[in-house]
2 protein chains.
Amino acid sequence: MQNTEWELWRSFLATAENGSLSGAARSLSLTQPTVGRHIDKLESSIGTSLFTRSQSGLLPTSTALNLLPYARDMSAAAQALIRMASGEAGSAAGVVRLTASHVVGAELLPPVLAEFRKIHPDIQLEVVLSDRQDDLLRHDADIAVRMTRPSQSALVAKKVGDVGIGLYADSDYLKRCGLPTTTEALLAHSLIGVDQATYPIAALSIGDTPVTPQIFSYRCDNDLGQLAAVRAGIGIGVCQHVIAARDPNLVAVMPDKINFQLGMWLAMHEDLRSTYRIRLLFDFLAEEMGALVGSDERESQRRE
Amino acid sequence: MQNTEWELWRSFLATAENGSLSGAARSLSLTQPTVGRHIDKLESSIGTSLFTRSQSGLLPTSTALNLLPYARDMSAAAQALIRMASGEAGSAAGVVRLTASHVVGAELLPPVLAEFRKIHPDIQLEVVLSDRQDDLLRHDADIAVRMTRPSQSALVAKKVGDVGIGLYADSDYLKRCGLPTTTEALLAHSLIGVDQATYPIAALSIGDTPVTPQIFSYRCDNDLGQLAAVRAGIGIGVCQHVIAARDPNLVAVMPDKINFQLGMWLAMHEDLRSTYRIRLLFDFLAEEMGALVGSDERESQRRE
DNA sequence: TGATGGCTATACAAATATGAATATCTGATC
DNA sequence: GATCAGATATTCATATTTGTATAGCCATCA
């Protein structure tokens with residue numbers, strides 16, 4: 001029990017995430033009997049059942065659900081390990097994994113990363129589009145581009161600039177429904193915004209009306225989904241000026257009244273500063289993203 | 001390369017930490033040829049040498065040194081995994097691992113934990129005495145007793161009270177060298193204090209003299225080592241009142257002039273709140289340690 | 001100088017884990 | 001209601017991994 005083999009937990013995680021031995025076997029390039037035997041071993045080793053078997057798959061027990069986060073930690077560390085092992089620490093080669101919001105990853109990053117790839121063709125990039133915050137500490141990613149100030153310990157953070165954000169709509173939509181000029185008129189429009197998420201809107205209001213999910217008639221927590229809705233002419237939604245400027249069909253709505261700034265931050269784990277390829281991308285992003293969003297004032301910090 | 005087996009990294013870590021294949025084999029209950037083959041596999045898999053072999057053992061290359069922290073992460077997660085698997089989440093059985101400073105772990109905790117063991121004999125305890133701070137996030141320990149306010153994210157923290165601290169010396173020492181009553185006289189004494197550590201003394205001063213390692217003639221970063229030095233009659237050093245009160249040979253030095261309070265905190269990872277045995281110990285410690293140090297005001301908090 | 005205890009490397013037999021094939025069950029679908 | 005896709009369990013031959021035994025190297029110490 002002391003020396004439960006690490007390999008078994010890998011099968012455990014895959015089984016839990018795939019919902020079946022067969023699925024786990026496929027994802028691990030093993031076979032179903034093998035994974036089944038691994039689970040058997042684990043169960044007899046810890047003395048508890050981990051899954052309730054059924055013909056349609058395996059259902060994790062509450063014990064298994066409790067263990068799952070730790071197995072994920074293990075997996076994250078294992079993946080970070082092979083990523084780190086993918087190149088010499090001091091060479092411009094290997095894999096770097098970065099995470100960003102969907103809209104940043106889809107709209108802003110690609111041209112910048114294309115440039116980076118040209119300069120450093122031996123550095124491979126993995127881009128994870130996610131709005132979760134807890135990636136860096138677990139080494140789920142090496143670098144994060146975020147719109148909030150990173151507050152976690154052991155992170156190196158650098159502000160690359162402030163992103164201007166305003167309301168936009170497709171020109172066709174505005175032809176159909178008119179361009180509002182007052183907050184009352186605006187609230188009567190078809191608005192696009194967040195669903196469950198609370199963070200970006202907690203302190204906002206339009207005129208006297210606080211911004212809650214209820215005022216939106218099209219709700220989507222994925223910022224890229226919102227942008228797509230705006231582009232499809234569904235209604236009025238927020239968009240970064242720098243993105244809207246490239247799209248001739250997007251028209252600013254009440255730009256003089258509604259306009260705010262969000263800081264854009266780069267963050268990486270402190271440990272990674274000595275890994276050249278990661279440092280290289282970090283510095284490159286700081287430079288290029290800063291130029292892109294047109295930062296006036298810059299600020300850098302390092303939290304303890 | 002994608003599917004580097006987890007098991008291999010376990011051998012890698014053991015090899016690095018033991019400094020030899022043979023040692024690693026012993027610690028893993030394997031044999032030296034097996035561990036050697038594991039390292040071979042890893043090296044050919046990532047295409048780099050990890051250790052320079054020699055007749056006296058294996059020396060990690062710089063690549064290996066870079067990978068080591070991640071292997072430790074993996075190991076910590078694996079250990080947390082088997083610890084969590086050691087008992088049902090909802091039952092008062094299994095293993096709980098807690099960390100505390102040396103002096104707290106040696107002087108204050110044992111009687112309290114003895115009581116806990118009487119009440120919950122099926123909960124096994126692992127106590128790690130360490131002054132490092134980074135244990136909880138990696139799940140190196142489940143619960144920490146600390147003398148600083150935990151500031152890391154995802155931690156549940158609770159203040160159990162304020163510990164009074166003052167200067168003490170062994171009565172024999174004072175017979176030999178006299179009991180100082182002024183700060184000048186005090187500074188002429190043989191003082192016991194920290195060596196490298198900076199945190200506890202950064203803002204302190206004795207009279208007009210700032211407290212730096214140089215004023216101590218006996219320096220030790222281990223607080224228990226300092227206490228032992230005080231008890232051995234080496235000189236004057238700090239001690240918690242509650243500990244000194246039990247020792248008839250310890251005499252307070254200038255208690256009216258030098259006396260300060262340090263908050264004592266309990267901390268645990270947020271994820272563990274739903275694990276009964278851990279919650280049980282956390283609450284028990286909050287209660288008993290609070291009574292022990294005699295807290296006047298209590299405060300609890302949860303950081304985001 | 002010679003013996004000893006630590007280490008790595010290698011060869012071969014034994015133990016172990018794996019995959020292929022198959023039986024069997026379940027739920028969805030036509 | 002029959003059929004099909006996808007799931008787990010079981011068996012057995014095969015492939016892989018492991019341990020044992022051994023040889024060789026180097027430092028330390030009497």
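Each chain gets a letter, A, B and so on, in the order its sequence line appears, and its residues count up from 1.
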Does B/Gln32 contact C/dA9 through a side-chain donor or acceptor facing the base, at a distance under 3.5 Å? yes
Round to a whole Å and report the spacing from CG of A/Leu59 to P of D/dA7. 15 Å
Take the protein atom CG of B/Leu58 and the nucleotide atom C1' of C/dG6, then report the distance between them rounded to whole Å. 13 Å
side-chain contact (heavy atoms from CB on, under 4.5 Å) test vs B/Leu28 passes for just one of B/Glu7, B/His38, B/Arg10, namely B/Arg10
For B/Ile278, run the side-chain contact (heavy atoms from CB on, under 4.5 Å) check against B/Val96, B/Asp271, B/Val95 and tell me which one passes. B/Val96
What is the distance, to the nearest angstrom, from the CZ atom on B/Arg37 to the C1' atom on C/dA11? 10 Å
Please report, rounded to the nearest Å, how far the P atom of C/dA15 is from the CG atom of B/Leu30. 17 Å
Look at the side chain of B/Thr34 and decide which nucleotide, out of C/dT18, C/dA17, D/dT18, has an atom nearest to it. D/dT18
For a side-chain contact (heavy atoms from CB on, under 4.5 Å) with A/Phe51, tell me which candidate from A/Thr15, A/Thr61, A/Leu59 qualifies. A/Thr15
Euclidean distance, atom CD of residue B/Glu5 to atom P of C/dA17 [Å, nearest integer]: 13 Å
First encountered from the 5' end of DNA chain C, between B/Pro33 and B/Gly23: B/Gly23
Can you see if the side chain of B/His38 gets near the phosphate of D/dT18 - specifically, an N or O under 4.0 Å from OP1 or OP2? yes
Minimum-distance nucleotide to A/Lys41 side chain [options: C/dA17, C/dA9, D/dG19]: C/dA17
Rounded interatomic separation in angstrom, taking CZ from B/Phe51 and P from C/dC7: 15 Å
Give me the one residue out of A/Ile46, A/Thr48, A/Thr52 that meets side-chain contact (heavy atoms from CB on, under 4.5 Å) with A/Leu50. A/Ile46
Should A/Arg53 be listed as having a side-chain N or O under 4.0 Å from OP1 or OP2 of D/dA9? yes
Starting from P on C/dA17, measure out to CD1 on A/Ile39 and report it in whole angstrom. 15 Å
Quick one: label B/Ser22 by what it contacts on the DNA or RNA (base, sugar-phosphate, nothing), any heavy atom closer than 4.0 Å. base
Per side-chain contact (heavy atoms from CB on, under 4.5 Å), A/Ser101 is matched among A/Leu109, A/Asp223, A/Asn222 by A/Asp223
From D/dC12, C/dT8, D/dT20, nucleotide with atom closest to B/Thr31 side chain: D/dT20
Listed nucleotide nearest any side-chain atom of A/Leu21, set C/dT8, D/dT8, D/dT18: D/dT8
Separation of atom CG in A/Asp40 from atom C1' in C/dT18, rounded to whole Å: 15 Å
